Amino acid sequence: MTPVHFSFSAAFILGLMGLAFHRTHLLSALLCLEGMMLSLFIALSMWSLQLESMSYATTPVLLLAFSACEASAGLALLVAATRTHGTSHLQNLNLLQC
Amino acid sequence: MVYLVFLFLLGLVLGLIAVASNPAPFFGAFGLVVAAAFGCGILVVYGGSFLSLILFLIYLGGMMVVFAYSAALAAEPYPETWGAWSVLVYVIVSVIGVLGAGYWFVGEWDKFMWVAEEFMELGVLRGDFSGVALVYDLGGGMLIVCGWVLLLTLFVVLELIRGMGRGCLRAI
């Protein structure tokens, strides 16, 4: 495993563990998802750059478009939860009634 | 160049540790910006300058939106930084975990630490420029799928944030 592979794998695992463990805000969970997307972007770019198969250089751009969709849907959920629940703390989403 | 690559990789991992250690969202967004900047450095060193430009402009532009949201929606009177004890525990555990995993793999790193930059001659088109341009030729189907997904996301967002008792997330 090369240092680049180790680094983006460690970044992905760190983002995944940060998402899975307890978050205070919903926005922190969304930031961890964005960090995972960042490590995936770097992984796909490294794949096409190190193998010099440049026709695969489109895949990070497509991944970036999909991650924009994910971020916008997450932020819309954040706004909706803030409107209905008052705060954006994840503790509120565990409660049975609002 | 090897030290530069090592510095960028270290900055990427440290930025993700700063995000994943549960600080206030304001500082988490700052850590993600740092990680994205070091990731741009990695891509530049390995010869993907156009991909690095895309990452810097589009990803960091999107991060600015998240940053503004974090300032507006998740504001706290006393935000927790990485010096707070509950955050510092996550930081220490993450650093120890990454160092332990790196110690497992460090034996074979000395023969992989070179930089594979193959496009040394002067040229008009670099590889990643023309590679990304293939999305308009061979990747036309995926381009249409991306456009469709972005259009669908627009309506998803509009349905999610619709208020007045007709949205899909309501306080009953």
Side-chain angles (χ1 to χ4, degrees), chain A residues 1-4 6-8 10-12 14-15 17-19 21-28 30-32 34-35 37-39 41-42 45-46 48-50 52-58 60-62 64-69 71-73 75-85 88 98, chain B residues 5-6 9 12-13 16-17 19-22 25 28-29 32 35-36 39 42-43 46-48 51 54-55 58-59 62-63 65-66 69-70 73-74 94 98 101-102 105 108-109 112-113 116 118 127-128 130-132 134-135 138-139 142 146 149-150 153 156-157 160-161 163 167 169-171:
Chain A
M1 180 174 275
T2 68
V4 179
F6 175 74
S7 293
F8 65 69
F12 186 82
L14 279 171
M17 291 174 72
L19 179 69
F21 289 160
H22 179 67
R23 302 278 96 186
T24 308
H25 291 89
L26 181 58
L27 192 58
S28 298
L30 290 179
L31 285 176
C32 286
E34 287 289 321
M37 275 295 171
L38 173 69
S39 68
F41 183 89
I42 292 174
S45 305
M46 278 300 129
S48 68
L49 286 174
Q50 284 194 326
E52 298 178 25
S53 57
M54 284 305 161
S55 54
Y56 285 111
T58 60
V61 184
L62 298 175
L64 204 61
F66 292 144
S67 83
C69 297
S72 57
L75 285 177
L77 275 174
L78 174 71
V79 171
T82 309
R83 267 186 182 173
T84 57
H85 291 72
S88 69
C98 311
Chain B
V5 173
F6 189 76
L9 294 175
L12 176 71
V13 175
L16 258 297
I17 285 176
V19 175
S21 60
N22 199 8
L32 194 57
I42 296 171
L43 294 185
Y46 278 87
L51 290 172
I54 286 175
L55 184 64
I58 296 177
Y59 192 84
M63 273 308 103
V65 178
V66 181
Y69 264 105
S70 71
L73 279 179
S94 301
V98 170
F105 291 112
E108 56 190 9
W109 277 6
F112 288 126
M113 207 58 195
E118 293 291 329
D128 53 343
S130 43
V132 171
L134 273 182
V135 77
L138 294 174
M142 280 307 289
C146 270
V149 165
L150 285 169
T153 308
V156 164
V157 168
L160 274 176
I161 64 172
L169 189 62
R170 280 175 283 188

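Just so it is clear, the model here is predicted, and its values are computed rather than measured. Chain identifiers are assigned alphabetically (A, B, ...) following the order of the sequence lines, protein sequences preceding nucleic acid strands; residue numbering begins at 1 within each chain.
Around OH of A:Y56, the count of heavy atoms belonging to other residues, nucleotides or ligands within 6.0 Å does not exceed 12.
Contact record, B:L16 with A:G35: CD1-CA, 4.0 Å, taken as the closest heavy-atom pair. The shortest heavy-atom contact between A:A80 and B:L160 is CB-O, 3.5 Å. Closest approach of B:T153 and A:S72 over heavy atoms only: CG2-OG, 3.1 Å. Closest approach of B:L9 and A:S7 over heavy atoms only: CB-OG, 3.3 Å. Across all non-hydrogen atoms, the minimal contact from B:C146 to A:L62 is SG-CD2, 3.4 Å.
Residues A:F41 and B:L43 are in side-chain contact: their nearest non-hydrogen atoms beyond the backbone lie under 4.5 Å apart. The shortest distance between side-chain heavy atoms of A:L38 and B:L12 falls below 4.5 Å.
Annotation: maximal heavy-atom pairing with chain B below 4.5 Å, among A:S48, A:A10, A:S45, occurs at A:S45.
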Next item on the list: Take B:Y46 and A:V4 through the side chain to side chain contact (heavy atoms under 4.5 Å, CB included) test and state the conclusion after the steps.
Entry: CA-CA 10 Å; B:Y46 278 87; A:V4 179; 3.2 Å; yes

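With sequence neighbours excluded, the residues forming a side chain to side chain contact (heavy atoms under 4.5 Å, CB included) with A:T58 are B:L134, B:V135, listed by chain and number. Scored by the side chain to side chain contact (heavy atoms under 4.5 Å, CB included) test, A:F21 finds A:M17, B:Y90 as partners (sequence neighbours excluded).
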